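This structure is a prediction, so every number in the text was calculated from the model and none was measured.
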Amino acid sequence: TEATACQDCYKCIRECPVKAIKIEQGRAAIVEEACIHCGHCVAVCPVGAKRVRQDVLRAQQLVRLKKTYVSLAPSFLTEFSDCTEAQMVAALLALGFAGVSETALGADCVSAETVRLLPTLPAGVHISSACPTIVELIKKHYPALQQTVMSVLSPLLTHAKILRETFGADIGVVFIGPCIAKKKEADRYPQLLDVALTFDELRHWFAEREIVPAALSGADGFVPAKAARGRLYPIDGGMIASIKQDCSTTDQHYMSFSGM
């Protein structure tokens with residue numbers, strides 16, 4: 001919270017889905033023990049007093065210090081709809097990255113592992129661990145349900161693990177996507193993920209370097225390979241669609257939910 005910008009309108013307090021904002025010294029302050037990092041307060045603040053932590057400088061330093069790979073969220077296709085995959089890869093390589101990989105590769109592995117685990121689990125409800133915000137919601141506000149969360153790393157952390165196994169444990173890994181909760185994943189799992197950037201931060205970095213992805217000729221594609229159905233994850237029910245395509249069992253029922 002930018003204290004000097006906060007105008008005591010209480011909108012973030014009213015709108016927070018988990019009541020994780022309090023008044024402290026006359027200004028709205030985040031209650032970290034309750035916050036699920038959904039970013040809703042940033043979206044509703046009328047004066048921009050709620051902001052997402054900026055990590056571009058950390059990413060730039062990482063690129064200078066070591067070989068660094070990008071874990072790129074599949075939703076870049078809608079965020080940067082004016083450029084092709086090859087142009088996006090070229091733009092990221094121009095920033096100094098050693099290679100660009102799809103986070104969806106990790107999602108493919110999560111789907112496969114989920115299919116493998118489901119028949120071995122006891123009957124009952126099992127909740128995907130793919131969304132860090134939902135994992136935080138359960139952990140902090142519904143602790144009695146923690147045992148229902150699948151014991152599988154998120155697609156991003158799984159992907160970071162794949163990149164380190166493929167290109168070396170000492171590489172840098174930077175996630176780029178729409179989700180601010182990934183920043184908390186980077187804080188908690190520094191051995192896998194170094195930095196998480198939002199698409200907004202990437203746009204600022206491109207502007208700073210005067211790089212226009214749509215104006216580039218393009219470059220070789222994603223490494224180490226293209227993803228498959230993991231690209232469906234950003235879409236409502238996408239994880240389920242990717243699982244059911246490969247799942248031969250019929251005794252499980254799948255449901256998807258949106259919102260808190």
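Every residue two or more places apart in sequence or in another chain that forms a ring-ring contact (aromatic ring centres under 6.0 Å, His included) with F80 is listed here: F199. In this structure, K161 has no side-chain hydrogen bond (donor to acceptor under 3.5 Å, both in side chains) partners at least two apart in sequence or on a different chain. Checked against side-chain hydrogen bond (donor to acceptor under 3.5 Å, both in side chains), K139 has no partners two or more places apart in sequence or in another chain. Residues satisfying the ring-ring contact (aromatic ring centres under 6.0 Å, His included) test with Y69, not counting sequence neighbours, are F167. Remark: K184 pairs with E32 by the side-chain hydrogen bond (donor to acceptor under 3.5 Å, both in side chains) rule, at least two apart or across chains. For K66, the salt bridge (charged side-chain N to carboxylate O under 4.0 Å, His left out) test picks out no residue, with sequence neighbours left out. In this structure E15 satisfies the salt bridge (charged side-chain N to carboxylate O under 4.0 Å, His left out) test with no other residue, sequence neighbours excluded. Here K19 pairs with nothing under the salt bridge (charged side-chain N to carboxylate O under 4.0 Å, His left out) rule; sequence neighbours left out. D194 pairs by the salt bridge (charged side-chain N to carboxylate O under 4.0 Å, His left out) definition with R164, not counting sequence neighbours. Applying the side-chain hydrogen bond (donor to acceptor under 3.5 Å, both in side chains) test to E113 and every residue at least two apart in sequence or in another chain returns R116.
Note: Q54 CD to D200 CG = 8.0 Å, rounded to the nearest 0.5 Å.
The side-chain heavy atoms of I211 and L95, taken from C-beta on, include a pair separated by under 4.5 Å. Side-chain contact check for T120 versus L117: some heavy-atom pair is nearer than 4.5 Å. No side-chain heavy atom of V63 sits less than 4.5 Å from a side-chain heavy atom of V174. Between S75 and P178, the closest side-chain pair of non-hydrogen atoms falls below 4.5 Å. Taking 4.5 Å as the limit, some side-chain heavy atom of I23 sits within range of a side-chain heavy atom of Y10. T148 has its side chain out of reach of H126: every pair of non-hydrogen atoms, C-beta onward, lies at least 4.5 Å apart.
For the 3.5 Å distance criterion, the side chains of S256 and D236 fail to qualify, holding no donor opposite an acceptor. In this structure, a donor-acceptor pair under 3.5 Å is absent between the side chains of S154 and S129. Looking at T103 and Y233, their side chains never bring a donor and an acceptor atom within 3.5 Å of each other.
Among pairs with a residue in residues 88-101, those fulfilling side-chain hydrogen bond (donor to acceptor under 3.5 Å, both in side chains) read S101-H159, at least two apart in sequence or across chains. Listed by first and then second residue, the side-chain hydrogen bond (donor to acceptor under 3.5 Å, both in side chains) pairs involving residues 207-217 are Q60-E208 (not counting sequence neighbours).
Between R188 and E136 a salt bridge is recorded (basic side-chain N to carboxylate O distance below 4.0 Å). Using a 4.0 Å cut-off between charged nitrogen and carboxylate oxygen, D108 and K226 do not count as a salt-bridge pair. Salt bridge E2/K50: absent, no basic N to carboxylate O contact under 4.0 Å.
Residue D220 places its CG atom among 12 or fewer non-hydrogen atoms of other residues, nucleotides or ligands, all under 6.0 Å distant.
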